[in-house]
Amino acid sequence: MDSHRAWRLGCCAFLLAGFAGLAWADNPFRVSSPDFRQGMPIPDKHGFHQQNISPELRIENVPAKALSLVLIVDDPDAPAGLWTHWLVWNLPPNTTGIPEGKLPEGASEGKNSFGNVRYDGPAPPSGTHRYFFRIYALDTTLSLPPGSTRAALEQAMKGHVVGGGETFGVFSASP
């Protein structure tokens, strides 16, 4: 098993611990983007060294128990280890999409691995990296101040995740 898969299994187990009974196959909670298909290249304009704007995201089948949503965007292939590109929480549960380059009203952003409180796009130093866009449905809203870290966000989420969905795209370093 590769290290990314092991990390994802551990992460999902941590966040979904104690949650059972979700009919994933019948009504799957999903995130997708019209800007790139699952596993395909993310357009250059979303890259850190380009226009650095977040891609449009679409959200479907949010669990009825959700009181808020969380978005985590990361790169598990970074040389320094897991690299966080965007943290967003307290998205309303009726959110069906996040427009390109926008933060939905009422949502809060956390500090990414670049040290910024915003979306910062793909910027692999070499090769091709995977970028995961994960949406989590929570049975609560979070009382975290803007600029909180990923560790603080994950701790606040613990025991409150009622569903999740993900998509990913790839981005290659400039030659």
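Nothing fancy with the numbering, it's 1 onward along the sequence.
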Judged by atom type as modelled, is there a donor-acceptor pair below 3.5 Å linking the side chain of Asn112 to the main-chain atoms of Arg118?
yes
Residues passing the side chain to side chain donor-acceptor pair (under 3.5 Å) test with Glu100, sequence neighbours excluded, are Lys45
Could you check Thr141 against Ser68 for side-chain hydrogen bond (donor to acceptor under 3.5 Å, both in side chains), going step by step and ending with a plain yes or no?
CA-CA 5 Å; Thr141 56; Ser68 71; 5.9 Å; no
Rounding to 0.5 Å, atoms CZ (Arg130) and CZ (Phe168) come to a distance of 7.0 Å
What closest approach, in Å, do Val88 and Ala107 show between heavy atoms, and which atom pair accounts for it?
CG1-CB, 3.8 Å
Checking salt bridge (charged side-chain N to carboxylate O under 4.0 Å, His left out) for the pair Arg150/Glu154: CA distance, chi angles, key distance, verdict?
CA-CA 6 Å; Arg150 181 177 181 146; Glu154 288 179 340; 3.0 Å; yes
Hits for side chain to side chain contact (heavy atoms under 4.5 Å, CB included) against Ser108, two or more places apart or cross-chain, chain-then-number order -> Trp89, Pro146
Rounded to the nearest 0.5 Å, what separates atom CZ in Arg30 from atom CD1 in Ile135?
14.0 Å
What distance do Leu103 atom CG and Glu109 atom CD have between them, rounded to the nearest 0.5 Å?
4.5 Å
Side chain proximity check, Leu87 to Leu71, heavy atoms < 4.5 angstrom
no
Could you work out, with side chain to side chain donor-acceptor pair (under 3.5 Å) as the rule, every residue matching Arg37, not counting sequence neighbours?
none
Checking Phe36 now: which residues fulfil ring-ring contact (aromatic ring centres under 6.0 Å, His included) with it, not counting sequence neighbours?
Phe133
Return yes if some donor-acceptor pair links the side-chain N/O of Ser33 with the main-chain N/O of Asp35 below 3.5 Å, else return no.
yes
Looking at His85 and Gly121, would you say the former's side chain and the latter's main chain have a donor-acceptor pair under 3.5 Å?
yes
Side chains of Asp139 and His160, donor plus acceptor under 3.5 Å
yes
In terms of heavy-atom contacts, Phe171 and Pro122 come closest through CG-CB, 3.4 Å
CD1 (Ile59) and OG1 (Thr167) are apart, to the nearest 0.5 Å, by 12.0 Å
Using side chain to side chain contact (heavy atoms under 4.5 Å, CB included) as the criterion, list what pairs up with Glu105, not counting sequence neighbours.
none
By salt bridge (charged side-chain N to carboxylate O under 4.0 Å, His left out), Glu56 pairs with (sequence neighbours left out) Arg58
Only counting residues at least two apart or in another chain, list the ones meeting side chain to side chain donor-acceptor pair (under 3.5 Å) with Tyr131.
Asp75
Once you round to the nearest 0.5 Å, how far does NZ of Lys111 lie from OG of Ser148?
9.5 Å
Heavy atoms of His129 and Pro125 approach each other most closely as CE1-CD, 4.0 Å
What residues form a side chain to side chain donor-acceptor pair (under 3.5 Å) with Thr140, not counting sequence neighbours?
none
According to side chain to side chain contact (heavy atoms under 4.5 Å, CB included), who are the partners of Ala173, at least two apart in sequence or on a separate chain?
Pro124
Tell me whether Leu69 is reachable from Leu67 by hopping between hydrophobic residues (I, L, V, M, F, W, Y) whose side-chain heavy atoms are closer than 4.5 Å.
no
Determine yes or no for a side-chain-to-main-chain donor-acceptor pair under 3.5 angstrom, with Asp74 supplying the side chain and Leu82 the backbone.
no
How are the rings of Tyr119 and Trp86 set relative to one another: parallel (under 30°), tilted (30 to 60°) or perpendicular (over 60°)?
perpendicular
If we only count heavy atoms from C-beta on, is the Val70 to Leu153 side-chain gap below 4.5 Å?
yes
Considering only heavy atoms from C-beta outward, does the side chain of Thr96 approach that of Glu60 to under 4.5 Å?
no
Minimum heavy-atom distance between Ala66 and Pro93, given as atom pair plus value:
O-CB, 3.4 Å
Does Pro41 have any side chain to side chain contact (heavy atoms under 4.5 Å, CB included) partners at least two apart in sequence or in another chain, and if so, which?
Val170
Within-4.5 Å side-chain heavy-atom neighbours: Leu138 and Val161:
yes
Transitive ILVMFWY cluster of Phe114 at side-chain heavy atoms under 4.5 Å: who else is in it?
Phe48, Trp83
To the nearest 0.5 Å, tell me how far Ser172 OG sits from Asp44 CG.
9.0 Å
